[in-house]
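Quick notes on the structure that follows.
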Amino acid sequence: SQTIHQWPATLVQPVGSPLSLECTVEGTSNPNLYWYRQAAGRGLQLLFYSVGIGQISSEVPQNLSASRPQDRQFILSSKKLLLSDSGFYLCAWGTEYSNQPQHFGDGTRLSIL
Amino acid sequence: AQSVAQPEDQVNVAEGNPLTVKCTYSVSGNPYLFWYVQYPNRGLQFLLKYITGDNLVKGSYGFEAEFNKSQTSFHLKKPSALVSDSALYFCAVRDMTTSGTYKYIFGTGTRLKVLA
């Protein structure tokens with residue numbers, strides 16, 4: 001069966017420090033991968049998606065970037081964190097088939113001090 | 001663009017009573033609709049989906065949802081609520097990115113509180 005892992009679960013970083021969040025998927029090949037941010041335990045904002053290695057699309061302009069160095073690995077990064085980058089970051093995977101749901105990791109809670 | 005709306009920030013229901021969490025949608029074409037549940041500090045878990053066919057779809061943990069095309073609604077229901085159903089519920093609709101990949105538009109979420 002397919003599983004998705006995110007780490008770390010929680011992270012506290014000072015303003016201006018770099019960031020690297022990692023997401024990996026097991027049990028499937030060539031998944032579509034997604035990064036979301038959830039603010040204040042509410043709605044999800046799609047940040048990035050990827051349909052293959054090295055293919056990254058951004059949904060919103062921001063201080064963050066994403067990379068996909070391997071088929072089942074998705075990384076969210078920043079060179080210099082802002083206070084506004086605080087939030088709950090969720091990684092998800094999906095298939096190319098329109099009738100299938102996305103599957104989410106357990107998220108990373110990022111606090112910027 | 002596709003969108004979903006969840007008109008209630010919070011729904012309170014007594015344990016054992018039926019529950020309904022509302023969702024309305026706006027799409028061009030046929031809607032592909034989903035419900036997810038989120039427990040504190042966890043990711044979203046898929047509950048059920050409507051793609052085509054029977055308007056009443058059954059999902060995990062005893063949940064079901066009714067698709068109503070004329071009212072553009074996809075309400076989540078359960079005949080008898082449990083305290084453990086207390087969580088944040090999201091409705092979502094499938095959309096397409098500019099590059100042709102599927103993405104999902106989520107509602108703002110409804111917090112369900114089941115009272116013992």
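The structure displayed is predicted, hence computed values, not measured ones. Below, read A as the first sequence line, B as the second, and so on, with proteins coming before strands; counting in each chain starts at 1. Only this structure's heavy atoms are used, side chains among them; waters, hydrogens and symmetry mates stay out.
In this structure, the side-chain contact (heavy atoms from CB on, under 4.5 Å) partners of Asn68(B), at least two apart in sequence or on a different chain, are Ser70(B), Gln71(B), Ser73(B). The side-chain contact (heavy atoms from CB on, under 4.5 Å) test applied to Pro40(B) returns no partner, not counting sequence neighbours.
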Check against side-chain contact (heavy atoms from CB on, under 4.5 Å), Leu46(A) and Ile105(B): CA-CA 8 Å; Leu46(A) 179 62; Ile105(B) 307 299; over 6 Å; no
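Proximity to chain B (any heavy atom under 4.5 Å) is restricted, for Glu59(A), to the side chain, taken from C-beta onward. Neither the backbone nor the side chain of Thr52(B) comes within contact range of chain A; no heavy atom of the residue lies under 4.5 Å from a heavy atom of that chain. Interface residue Lys49(B): only side-chain heavy atoms are found under 4.5 Å from chain A.
Scanning all heavy atoms of the two residues, the minimum distance from Phe46(B) to Pro101(A) falls at CD1-CB, 3.4 Å. Nearest approach of Phe90(B) to Gln38(A), heavy atoms of both residues: CZ-NE2, 3.4 Å. Here the closest heavy-atom approach between residue Thr95(A) and residue Tyr102(B) is recorded as O-CD1, 4.5 Å.
Cluster membership check: Trp7(A) does not share its hydrophobic cluster with Val12(A), using side-chain heavy-atom separations under 4.5 Å among Ile, Leu, Val, Met, Phe, Trp and Tyr. Residues Tyr104(B) and Ile51(B) are members of one and the same hydrophobic cluster, defined by side-chain heavy-atom contacts under 4.5 angstrom among Ile, Leu, Val, Met, Phe, Trp and Tyr. When hydrophobic clusters are built by joining Ile, Leu, Val, Met, Phe, Trp and Tyr residues whose side-chain heavy atoms come closer than 4.5 Å, directly or via intermediates, Val114(B) is grouped together with Phe63(B). Residues Phe67(B) and Leu19(B) fall within the same hydrophobic cluster, defined by Ile, Leu, Val, Met, Phe, Trp and Tyr side chains chained together at heavy-atom separations under 4.5 Å. In the hydrophobic clustering of this structure, Leu33(B) groups with Val21(B); members are Ile, Leu, Val, Met, Phe, Trp, Tyr whose side-chain heavy atoms approach within less than 4.5 Å, directly or through other members.
With hydrogens and angles ignored, the 3.5 Å screen pairs a side-chain donor or acceptor of Tyr36(B) with a backbone N or O of Gln102(A).
Residue Arg42(B) holds its CZ atom at 13.5 Å from CZ of Phe104(A), rounded to the nearest 0.5 Å.
No more than 12 heavy atoms of other residues, nucleotides or ligands shown are found within 6.0 angstrom of OH on Tyr61(B).
Contacts with chain B (heavy atom to heavy atom, under 4.5 Å) involve these residues of residues 80-93 of chain A, listed by number: Phe88(A), Leu90(A).
Sorted by first and then second residue, the side-chain hydrogen bond (donor to acceptor under 3.5 Å, both in side chains) pairs involving residues 11-22 of chain B (not counting sequence neighbours) are Gln10(B)-Asn12(B).
Under the 3.5 Å distance criterion, with hydrogens and angles disregarded, no donor-acceptor pair is assigned to the side chains of Thr101(B) and Tyr49(A).
Taking 4.5 Å as the limit, every side-chain heavy atom of Asp106(A) sits out of range of all side-chain heavy atoms of Asn41(B).
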